[in-house]
Amino acid sequence: MESCSFRTATSPSPFSSAPSSSSSPRAPFPNLRFARERNGRQMRMQRRASGLDAFPPLPGKVFVEETIGAEYGEGFETFRMDGPLNIDVDYLNEKLQECFLQRIRHAMKPDEAFGLIFSWDNVIADTDSLKLDAWRQLALEEGKDIPTAAHIQRSILHGAADHVLRKVLYWAKEDDQMDRLKARLIELYYESLFKLDTPVEGLREWLDAVRTAGIPCAVASSLDRRCMVEALDRMSLSKYFKAIVTDEDDMESIAHRFLSAAVKLDRKPSKCIVFEDDPRGVTAAHNCTMMAVSLIGAHPAYELEQADLAVAKYNDLSVINLRRLFAHKGISFMDMQKQIIERSPPKRKLTVDTIF
């Protein structure tokens, strides 16, 4: 008989204001956070040794172009007592299988088998407006003008700060000037972020519906944990998210953040649904065998054709839409399947003549 601990859809909240339970289940990879924090400390020591911290760094990763990741199903590396452990997409889909009691529960409440992962940018908060305000304020302080051409505006919103300052706006030629402008730009962005208290329209109503259905949710971002938690508290959204993935998790790509969120939700990647607004995020979700729901707005609809579902606003969604994403083959249609090769029995060979 298969034995397992019964794990419900509720789990300790990642927010400090929520009480934690001593009877909560152990995480599947207990040393993951330790490994990421150690890597982060090593990177900070290298930066100080090389003199790259002349301008004090602000938390998180803003105005950078992140890699998609998991192009061939690769994951990240964690550490255990017996040595390093490579965690990839197939490994998580196999190890995060439901136990016997979970399968019974999910048969009665199938929605709880899913996990929802929300990106931060333009999915939870309107960060495009924060970025534009930061660029305009920097231009005002430096006595510069920002052209209104569409391709330049697009580069400002979606390009890395180094590329924009050097190749698009031509504001920085020397490295010292580049570092100063980048530091000031990020500082202006965080000044606006600390005042943000309004989520994307319709998000709170959608999270209420998802919470009623018992579907666990996570938010993934490159911001640092403190800024993320404070922003969610100001928007009164903390109660909806069971897990958060932030810069402290030290994930190297978008896909790695999604995989980390799946681990924290205790859901197989193939049963997770990612809410994104960027085609790169949609690709990262598919690389992780996850489904992708895209919000049309920051990118036009024709750039989001790869998404499994595209909507203009949250009010267009219902829980039924999530079920239909997996409807044509059931909730396990993205799991690895074994092909059964039918073999016909060998033909009988007569070695003795039986005719008299």
Side-chain angles (χ1 to χ4, degrees), residues 10 13-18 59-63 111 114-134 157-158 186 188-247 249 254 257-258 261 264-265 272-278 280-282 285 291-299 301 304 307 309-319 321-322:
T10 59
S13 170
F15 306 95
S16 57
S17 58
K61 301 174 184 176
V62 189
F63 298 102
D111 295 331
F114 305 130
L116 305 188
I117 302 173
F118 293 80
S119 291
W120 169 256
D121 292 332
N122 303 312
V123 174
I124 292 180
D126 182 13
T127 55
D128 276 1
S129 61
L130 301 183
K131 291 180 180 180
L132 281 176
D133 290 343
L157 288 176
H158 307 298
I186 298 175
L188 291 171
Y189 176 84
Y190 273 95
E191 287 177 2
S192 300
L193 177 64
F194 292 149
K195 301 175 184 177
L196 182 66
D197 59 0
T198 305
V200 172
E201 181 182 358
L203 175 61
R204 186 174 285 108
E205 292 76 12
W206 170 241
L207 290 175
D208 279 329
V210 169
R211 189 183 187 189
T212 302
I215 307 176
C217 299
V219 55
S221 172
S222 58
L223 296 175
D224 74 297
R225 186 181 182 87
R226 181 181 66 86
C227 294
M228 171 63 65
V229 172
E230 290 179 356
L232 291 175
D233 285 340
R234 287 193 301 269
M235 293 186 285
S236 301
L237 298 179
S238 300
K239 61 182 179 181
Y240 297 108
F241 294 103
K242 174 182 174 181
I244 60 175
V245 179
T246 57
D247 184 53
D249 292 282
I254 303 172
R257 284 205 300 269
F258 293 161
K264 292 184 178 184
L265 289 178
C272 290
I273 304 172
V274 174
F275 287 77
E276 260 287 353
D277 77 307
D278 195 317
R280 293 164 52 82
V282 173
M291 305 297 277
V293 176
S294 62
L295 294 179
I296 302 171
H299 292 267
L304 300 170
L309 177 64
V311 295
K313 52 186 181 298
Y314 282 108
N315 295 332
D316 297 336
L317 283 172
S318 67
V319 177
N321 297 131
L322 304 184

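Nothing here was measured: the structure is a model prediction, and the numbers come from that model.
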K.L.:
Step by step, work out the side chain to side chain contact (heavy atoms under 4.5 Å, CB included) result for I215 and L322.
P.N.:
CA-CA 11 Å; I215 307 176; L322 304 184; 4.0 Å; yes
K.L.:
Would you say the side-chain atoms of S119 pair up with the backbone N or O of D121, donor to acceptor, closer than 3.5 Å?
P.N.:
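Answer holds: no.
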K.L.:
Testing the basics here: between L188 and A134, what is the closest heavy-atom pair and its distance to 0.1 Å?
P.N.:
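Distance-wise, the nearest heavy atoms are CD1-O, 3.6 Å.
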K.L.:
Other residues, nucleotides and ligands only: do more than 12 of their heavy atoms fall within 6.0 Å of CD on E201?
P.N.:
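At most 12 heavy atoms, drawn from other residues, nucleotides or ligands, come within 6.0 Å of this atom.
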K.L.:
Could you check whether the rings of W206 and F275 sit parallel, tilted or perpendicular, using 30° and 60° as the cut-offs?
P.N.:
tilted
K.L.:
Indicate yes or no: does R226 engage E230 in a salt bridge with an N to O separation below 4.0 Å.
P.N.:
yes
K.L.:
Would you call L237 and R204 a side-chain contact if the rule is heavy atoms closer than 4.5 Å?
P.N.:
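In contact.
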K.L.:
Grab the two heavy atoms, one from C272 and one from I117, that are nearest each other, plus how far apart they are.
P.N.:
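Smallest interatomic distance, heavy atoms only, reads CB-CD1, 4.1 Å.
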K.L.:
Please evaluate residues L207 and F241 with respect to the criterion side chain to side chain contact (heavy atoms under 4.5 Å, CB included), reporting the C-alpha separation (whole Å), side-chain torsions for both, the decisive distance (0.1 Å), and the verdict.
P.N.:
CA-CA 9 Å; L207 290 175; F241 294 103; 4.0 Å; yes
K.L.:
Would you name the heavy atoms of P216 and K242 that are closest together and state the gap between them?
P.N.:
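Minimum heavy-atom separation between P216 and K242: CB-CD, 3.9 Å.
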K.L.:
Mind checking the SG-CZ spacing from C227 to F194? Nearest 0.5 Å is all I need.
P.N.:
4.0 Å
K.L.:
Looking at V245, is its backbone amide N or carbonyl O close enough to the side chain of R225 to form a donor-acceptor pair, meaning the two atoms are under 3.5 Å apart?
P.N.:
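Answer holds: no.
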K.L.:
Is there a side-chain contact between S221 and R257, using heavy atoms and a 4.5 Å cut-off?
P.N.:
no
K.L.:
Looking only at non-hydrogen atoms, find the nearest pair between V319 and A209 and report the distance.
P.N.:
CG2-O, 4.2 Å
K.L.:
Please round to the nearest 0.5 Å and tell me the distance separating atom CG of L309 and atom CE of M291.
P.N.:
9.0 Å
K.L.:
Please check: side-chain N/O of Y314 versus main-chain N/O of V200, any donor-acceptor pairing under 3.5 Å?
P.N.:
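Answer holds: no.
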K.L.:
Which atoms form the tightest heavy-atom contact between I254 and G281, and what is the distance?
P.N.:
CG2-CA, 4.3 Å
K.L.:
Atom CG of L317 and atom CG of L203: how far apart are they, to the nearest 0.5 Å?
P.N.:
10.5 Å
K.L.:
Do D126 and D128 have side chains that get closer than 4.5 Å, going by heavy atoms?
P.N.:
yes
K.L.:
Side chain to side chain contact (heavy atoms under 4.5 Å, CB included) between V210 and C217: does it pass, once the steps are laid out?
P.N.:
CA-CA 8 Å; V210 169; C217 299; 3.5 Å; yes
K.L.:
Of L193, T246, D247, V229, which meets side-chain contact (heavy atoms from CB on, under 4.5 Å) against L223?
P.N.:
L193
K.L.:
Has D133 got a side-chain atom pairing as donor or acceptor with L130's backbone, closer than 3.5 angstrom?
P.N.:
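A pair under 3.5 Å: no.
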K.L.:
So how far is it from I273 CD1 to F114 CZ, rounded to the nearest 0.5 Å?
P.N.:
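If we round to the nearest 0.5 Å, I273:CD1 and F114:CZ are 6.0 Å apart.
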K.L.:
Any side-chain heavy-atom pair from V311 and I296 closer than 4.5 angstrom?
P.N.:
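Counting from C-beta outward, V311 and I296 never come under 4.5 Å.
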K.L.:
Regarding D208 and Y240, do their side chains bring together a donor and an acceptor under 3.5 Å, going by distance alone?
P.N.:
yes
K.L.:
Measuring from S238:OG to D233:CG, what's the distance to the nearest 0.5 Å?
P.N.:
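It is 3.5 Å, given to the nearest 0.5 Å.
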K.L.:
Can you check whether L295's main-chain N or O pairs, donor with acceptor, with D277's side chain at less than 3.5 Å?
P.N.:
no
K.L.:
So, K264 side chain and I244 main chain: donor-acceptor pair closer than 3.5 Å or not?
P.N.:
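Yes, the answer is positive, given that a donor and an acceptor are paired below the 3.5 Å cut-off.
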K.L.:
Run the numbers on K195 and R234 for side chain to side chain contact (heavy atoms under 4.5 Å, CB included), then give the verdict.
P.N.:
CA-CA 9 Å; K195 301 175 184 177; R234 287 193 301 269; over 6 Å; no
K.L.:
Drop me the distance from N122's CG to L157's CG, to the nearest 0.5 angstrom.
P.N.:
8.5 Å
